[in-house]
Amino acid sequence: MKTASLTDQLVYKTDKPAISVLLESDHSKEIRITMRKGHQMKEHKAPSSIVVEIFEGSIDFGVEGKTLQLKKGDLIALDPNVPHDLHCTQDAIVRLSLSKNDSVERVNNVVD
């Protein structure tokens, strides 16, 4: 059994989103992204399916030529290789579920 908390030991950076691994299982990685209003993650894509949950705050989520305004409690699932970007509109805690085969370094590389 493994446990983690989305709200313990929160770190917000002033200049860019903060990425931290909450836990890993045999099949997935759970990542926490903390963002201040105005922070962005440039367009990128994941090699495997992902699920994004807005735990707190709100973001503009760009995908397939649309901008979705996601708020606390919203979830979005993307198939592999779908380009997307994030712009934080209200200080946010974002939970990202990745495949075990995906890397946290890839996520860190898309932070402005």
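Small disclaimer: the values here were computed from a predicted structure and weren't measured.
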Give a yes or no on whether the backbone of Ser58 and the side-chain of Thr89 come within a donor-acceptor separation of less than 3.5 Å.
yes
Applying side-chain hydrogen bond (donor to acceptor under 3.5 Å, both in side chains), can you list everything that pairs with Thr7, at least two apart in sequence or on another chain?
Ser5
Would Val110 end up clustered with Ile54 when hydrophobic side chains under 4.5 Å apart are linked, directly or stepwise?
yes
Working to the nearest 0.5 Å, report the span between CD1 of Ile59 and CG of Leu86.
4.0 Å
How would you list all residue pairs meeting salt bridge (charged side-chain N to carboxylate O under 4.0 Å, His left out) that involve residues 84-103, not counting sequence neighbours?
Glu24-Lys100, Glu30-Arg95, Arg36-Asp91, Glu53-Arg95, Asp102-Arg106
Once ring-ring contact (aromatic ring centres under 6.0 Å, His included) is applied, what residue pairs with a partner in residues 19-59 remain, sequence neighbours excluded?
His44-His84
Please round to the nearest 0.5 Å and tell me the distance separating atom NE2 of His87 and atom CZ of Phe61.
14.5 Å
Atom SG of Cys88 and atom CG of Asp60: how far apart are they, to the nearest 0.5 Å?
9.0 Å
Between Arg32 and Ser20 (side chain of the first, backbone of the second, donor and acceptor by atom type, cut-off under 3.5 Å), is there such a pair?
no
Any link between Leu22 and Leu98 through a network of hydrophobic side chains (Ile, Leu, Val, Met, Phe, Trp, Tyr) touching at under 4.5 Å?
no
Ile33 CD1 to Leu96 CG distance, which is reported to the nearest 0.5 Å
5.0 Å
Work out which heavy atom in Thr34 is nearest to a heavy atom in Ile93; give both atom names and the distance.
CG2-CG1, 4.4 Å
Is there a chain of hydrophobic side chains (I, L, V, M, F, W, Y, each step under 4.5 Å between heavy atoms) that links Val107 to Ile76?
yes
ILVMFWY cluster, Val52 and Val21 together (side-chain gap under 4.5 Å):
yes
If you group Ile, Leu, Val, Met, Phe, Trp and Tyr by side-chain heavy-atom gaps below 4.5 Å, do Leu68 and Val82 land in one group?
yes
CG on Leu78 to OG on Ser49, rounded to 0.5 Å:
8.5 Å
Measuring from atom NZ of Lys13 to atom CE of Met35, what distance do you get when rounded to the nearest 0.5 angstrom?
12.5 Å
For a quick test of reading the model, state the closest non-hydrogen atom pair linking Asp74 to Gln69 and the distance between them.
OD2-O, 4.1 Å
